[in-house]
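No experiment lies behind these values; they were computed from the predicted model shown. Labels below follow one simple rule: chain letters A, B, ... track the order of the sequence lines, proteins then strands, and each chain is numbered from 1.
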Amino acid sequence: TTLVPHDCPGTQSEQAGKSSSCQGCPNQKLCASGATKAPDPAIAEIGAKLSTVKHKILVLSGKGGVGKSTFSAHLAHALASDSTKEVALLDVDICGPSIPRIMGLEGEQVHQSGSGWSPVYVDDNLAVMSIGFLLSSLDDAVIWRGPKKNGMIKQFLRDVDWGDLDYLIVDTPPGTSDEHLSIVQYLSSTHVDGAVIITTPQEVSLQDVRKEIRFCQKVKLPIIGVVENMSGFVCPNCKNTSQIFPPTSGGAEKMCADLNLPLLGKVPLDPRIAQSCDEGRSFLNVVPDSPAAKAYKSIVQSEFLQPSTTHPHVPLPSCCTSVVILYNRITLSLQQLQRNLKVPSNLYIIHKTCHKYTNKTS
Amino acid sequence: CPNQKLCASGATKAPDPAIAEIGAKLSTVKHKILVLSGKGGVGKSTFSAHLAHALASDSTKEVALLDVDICGPSIPRIMGLEGEQVHQSGSGWSPVYVDDNLAVMSIGFLLSSLDDAVIWRGPKKNGMIKQFLRDVDWGDLDYLIVDTPPGTSDEHLSIVQYLSSTHVDGAVIITTPQEVSLQDVRKEIRFCQKVKLPIIGVVENMSGFVCPNCKNTSQIFPPTSGGAEKMCADLNLPLLGKVPLDPRIAQSCDEGRSFLNVVPDSPAAKAYKSIVQSEKLPGALRSTPRTFLSESLSRCV
């Protein structure tokens with residue numbers, strides 16, 4: 001007989017102690033009693049520690065390589081361009097931490113003090129934390145299974161001396177697994193503004209992104225909106241636009257319309273983005289007049305990401321659902337009009353009015 | 001912890017009996033190739049799918065494609081098998097067949113709705129991968145290609161662990177030219193070295209884009225640190241090939257068709273074919289003597 005179940009469902013699982021593979025495990029009674037599912041005391045500690053963080057934004061995507069880290073980094077840069085705001089960027093991609101490179105902080109180290117780990121500062125008001133800073137060599141692989149990754153994420157949230165922040169942005173790896181469950185769980189006794197979901201236009205990406213949206217709904221994480229990246233490429237030679245990742249099923253626009261989510265914006269492909277990321281510079285500074293930089297700025301300044309009030313989201317009663325649907329449709333059309341026809345700002349005022357009206361309807 | 005003495009004694013590190021079972025089950029599979037990348041979105045699934053199509057174009061070969069990306073299973077879509085279901089028989093689960101000689105297995109086939117999220121922690125994902133290897137009725141295969149998610153975590157450790165009593169030819173590593181990708185890919189290469197998984201070679205994807213209008217080439221993901229070419233030179237690894245960006249690749253994947261058939265003369269398709277026929281790939285398709293003779297004969301005539 002085997003002493004330890006090889007198919008252990010995990011002490012946190014609903015099947016803990018009850019699964020057929022639990023027979024014979026010395027922990028069986030403990031797991032079955034529910035003692036192993038008692039909340040982690042760290043959750044309350046993290047709640048207390050992060051209570052002074054005004055806004056927390058997670059950047060998610062079911063799909064890899066769509067631009068989560070690029071977006072997180074440039075969102076952080078854009079928010080920190082207001083020197084009165086304190087901004088922090090937390091990278092919870094344990095296996096593939098790209099943030100140090102993209103922020104130009106490769107090779108930096110983390111220091112420990114009495115008040116915890118100090119994050120690495122890009123500017124006075126922009127702090128960064130990533131496992132990349134804890135590796136002895138940049139090529140070191142972090143070959144950890146779930147539980148060890150979860151422990152690291154807990155430490156990032158509980159032990160880093162963030163200070164009083166206006167914004168904490170969390171960059172995540174692709175998927176709906178340990179890192180995502182952990183970050184939501186450890187932040188469960190704090191207020192999280194919500195998630196920005198990144199996608200590219202093709203259906204293979206959207207398929208994974210819909211799963212991420214389902215994840216957000218299941219864990220009751222509000223979705224701030226969706227960003228469509230790599231949305232077209234303008235040839236620098238002849239200015240012809242190519243859809244390198246064609247939106248065969250309508251792209252993020254259709255998905256957002258179907259799922260009633262705000263489309264925050266579309267960012268075109270621009271070789272200077274990848275170049276800036278490799279060089280650790282913000283392309284918002286390097287090429288501020290490029291279409292991509294303008295798209296980013298408009299996304300960051302969107303009402304959804306920087307609401308003019310700090311009221312927590314009040315869910316509308318069901319009788320107002322039709323108003324919400326109508327509002328979203330109007331918003332979408334106005335966004336399209338704005339982009340396509342370069343409509344003057346008075347139509348934008350109508351959009352803002354709708355938004356304020358809807359927020360007050362309760 | 002009640003388990004403390006048990007863990008300290010080393011009893012918990014006894015090998016999983018499933019490893020030997022899988023070793024027996026897959027002993028009739030001639031070649032096993034893993035497709036890895038530390039980085040997401042570089043084209044692992046696209047490459048795996050088209051490698052499978054290319055190998056299966058030889059109707060005498062039995063090919064199977066296993067998708068162990070549990071959270072983001074793209075293979076059903078790319079292979080045009082969305083909505084298909086897996087059936088269970090006395091000899092195990094039947095994979096889904098694209099052609100007579102091309103079988104596919106993915107968690108995508110086990111979901112009741114295509115948008116269902118698989119929100120599992122590591123142990124449950126490992127259990128699924130074990131079942132894929134042990135319980136699927138693959139039959140006698142010439143090739144088993146395994147598509148993986150990005151990273152160096154549960155799925156990667158598990159697939160290597162469960163295949164540890166079989167012969168694995170090695171891994172094909174996919175990257176794109178920019179340093180942010182190569183950084184993660186070097187970690188994947190370190191992973192392969194640590195778990196003693198041979199590296200067959202590296203494929204550089206999204207390597208340039210030729211504008212269909214003016215034919216000007218743009219490096220959308222510029223190789224600021226020398227691209228895969230320099231990385232392979234530094235690490236002494238074969239560069240199997242470079243595949244350019246082509247909108248028709250993403251389109252074909254969305255439509256579930258092999259772009260090797262849709263646009264066989266495109267630069268991208270030619271690059272893929274040359275990679276698949278590379279000497280470095282195990283049992284790679286090479287021109288048979290018969291083909292050589294017929295070419296020579298046709299030249300004489």
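The shortest side-chain heavy-atom distance between A:E179 and A:I183 does not fall under the 4.5 Å cut-off. Proximity of A:C277 to B:E179: side-chain heavy atoms (C-beta onward) are nowhere separated by under 4.5 Å. The shortest distance between side-chain heavy atoms of B:M231 and B:I189 falls below 4.5 Å.
Interface remark: B:L245 contributes side-chain atoms only to the contact with chain A (heavy atom separation under 4.5 Å). With a 4.5 angstrom heavy-atom cutoff, B:K39 touches chain A only via side-chain atoms. Only the side chain of A:L30 comes within contact range of chain B, judged by heavy atoms closer than 4.5 Å. At a 4.5 Å heavy-atom cutoff, the contact between B:S113 and chain A is made by side-chain atoms alone. Contacts of B:L111 with chain A are made by side-chain atoms alone, with heavy-atom separations under 4.5 Å and no backbone atom involved. Proximity to chain A is absent for every atom of B:P223, based on heavy atoms less than 4.5 angstrom apart. Contact annotation for B:K44: neither backbone nor side-chain heavy atoms come within less than 4.5 Å of a heavy atom of chain A. Within the 4.5 angstrom heavy-atom criterion, no atom of B:E188 approaches chain A. Looking at A:V142, the atoms closer than 4.5 Å to chain B (heavy atoms on both sides) all sit in the backbone: N, CA, C or O. For A:I102, the part sitting under 4.5 Å from any heavy atom of chain B is the side chain, from C-beta outward, and nothing else. Residue B:D69 does not touch chain A at all, counting heavy-atom pairs closer than 4.5 Å. Residue contact with chain A, scored on non-hydrogen atoms closer than 4.5 Å, involves the backbone and the side chain of B:P222 alike. Proximity to chain A is absent for every atom of B:I70, based on heavy atoms less than 4.5 angstrom apart. Heavy atoms of A:P97 lying under 4.5 Å from chain B belong to its backbone as well as its side chain. For A:K148, no part lies under 4.5 angstrom from a heavy atom of chain B.
Using a 4.5 Å cut-off between non-hydrogen atoms, the part of residues 211-219 of chain B that approaches chain A consists of B:C211, B:P212, B:N213, B:C214, B:N216, B:S218, B:Q219.
Note on B:L157, B:I220, B:D184: by heavy-atom pairs under 4.5 Å with chain A, the leading option is B:I220.
A donor-acceptor pair under 3.5 Å is formed between the side chain of A:H74 and the backbone N or O of A:F283.
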